[in-house]
Number of protein chains: 2
Amino acid sequence: MWYHVDPHSGIPIYIQLKEQIKKAVASNLLKEGEQLPSVRELAIKLTINPNTVARVYQELEREGIIETARGLGTFVARRREEYGAAQEDILERALESLMVEAYQLGVDQERLRIKFEKKLDVWRDRLKKEGDV
Amino acid sequence: MWYHVDPHSGIPIYIQLKEQIKKAVASNLLKEGEQLPSVRELAIKLTINPNTVARVYQELEREGIIETARGLGTFVARRREEYGAAQEDILERALESLMVEAYQLGVDQERLRIKFEKKLDVWRDRLKKEGDV
DNA sequence: ATCAGTGTACTAGTTCACTACTACACCTTA
DNA sequence: TAAGGTGTAGTAGTGAACTAGTACACTGAT
């Protein structure tokens, strides 16, 4: 639908596509259980190789974001609820990167907090817009 | 000093080193004007090629984080204070990535906020510990 | 059983990221 | 002006990342 990809951007095609799908899922544009376009269909629409789409789907499946069934298609997985040490660690690093980035950009802490809160609100709205189930 | 690097980690050496330096600057372990180890010195300590270190320094200079002078050495630059549309954009993306990541990890918004605040405090402490100038 | 849909495996080629070797250019001090 | 420090430039090789071509395997409906 709204997927698009630029082979000349320097960023690998499969990364571009993967990020778009991840974001779509996280912002509830793609809802739980919803079917994604087939490997071939998407490949044709984006004029890329089916294997490239397949790779994206495989990686997303390994990350537990989608589920795929041979002969049937690919679907958005149920959101995981568990939250262990590994997740904790990843989030920790992500936050640290954000701090470093902000500093490098010349953004002071107060400004960062405001930005963060604003973004959090936006996200909350997106998730609530079509309350799932 | 505390730099270390693993050639077998899968992550490029120059990325590892660059991130360490960026983080050191952002957390005020490396202060404004402070001199970094020379290309050769660091290369020998880490048993890597001088050019790899040089690449790190070049990229960091392009990002405005350090300043380099032929024949003299390399130094931590003054922190930039300007804050334009480009910066705004980068920060925006960083925040968005964080939201997506958190969602994927199964972290709800409230928990994310708490984590964020905690991290912000840690960072504030680091910056204040040796108030510059 | 057959068909038309789905995802998958295998293979291979091309590009480029990454690192290293070597030699050069600049600056400061004595 | 010579020496010893600094960063830099050019070149090259190895390997892996990325994508594509082609053929296979599974599923559900007819």
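As the structure is a prediction and not an experimental result, all values here were calculated from the model. Numbers restart at 1 for each chain; the letters A, B, ... are given by sequence-line order, proteins then strands.
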* **Gap between atoms CD and C1', on A/Gln35 and C/dT6 respectively (whole Å)** => 9 Å
* Would B/Gln35 and B/Thr74 count as having a side-chain donor-acceptor pair, cut-off 3.5 Å? -> no
* Nearest of C/dT19, C/dG7, D/dA20 to any side-chain atom of B/Tyr14? -> C/dT19
* Between the base of D/dG10 and the side chain of B/Asn51, is there a donor-acceptor distance below 3.5 Å? -> yes
* Structure fact -> Ranking B/Ile11 and A/Gln58 by the position along DNA chain C of their nearest nucleotide, the one closer to 5' is A/Gln58
* When you get a sec, tell me which of D/dA20, C/dG7, D/dG7 is the closest nucleotide to the side chain of A/Thr52? => D/dA20
* Establish whether the base of D/dG5 is bridged to the side chain of B/Arg40 by a donor-acceptor pair shorter than 3.5 Å. => no
* To do: Whole angstrom is fine here: how far is it from CG in A/Leu42 over to P in D/dA20?
  => 13 Å
* **Shortest side-chain distance from A/Arg55, nucleotide among D/dA20, D/dA25, D/dT19** => D/dT19
* Between A/Arg113 and B/Glu117, is there a side-chain N and carboxylate O pair less than 4.0 Å apart? -> yes
* Respond yes when some side-chain nitrogen or oxygen of B/Thr74 is under 4.0 Å from OP1 or OP2 of D/dG7, and no when none is. => yes
* Structure fact -> Between CG of A/Asn49 and C1' of C/dT11 the distance, given in whole Å, is 13 Å
* **Among C/dA20, D/dA9, C/dG7, the one nearest A/Ser38 by side-chain distance** => C/dG7
* **Whole angstrom value for the distance that separates P of C/dA20 from CG of B/Leu17** => 12 Å
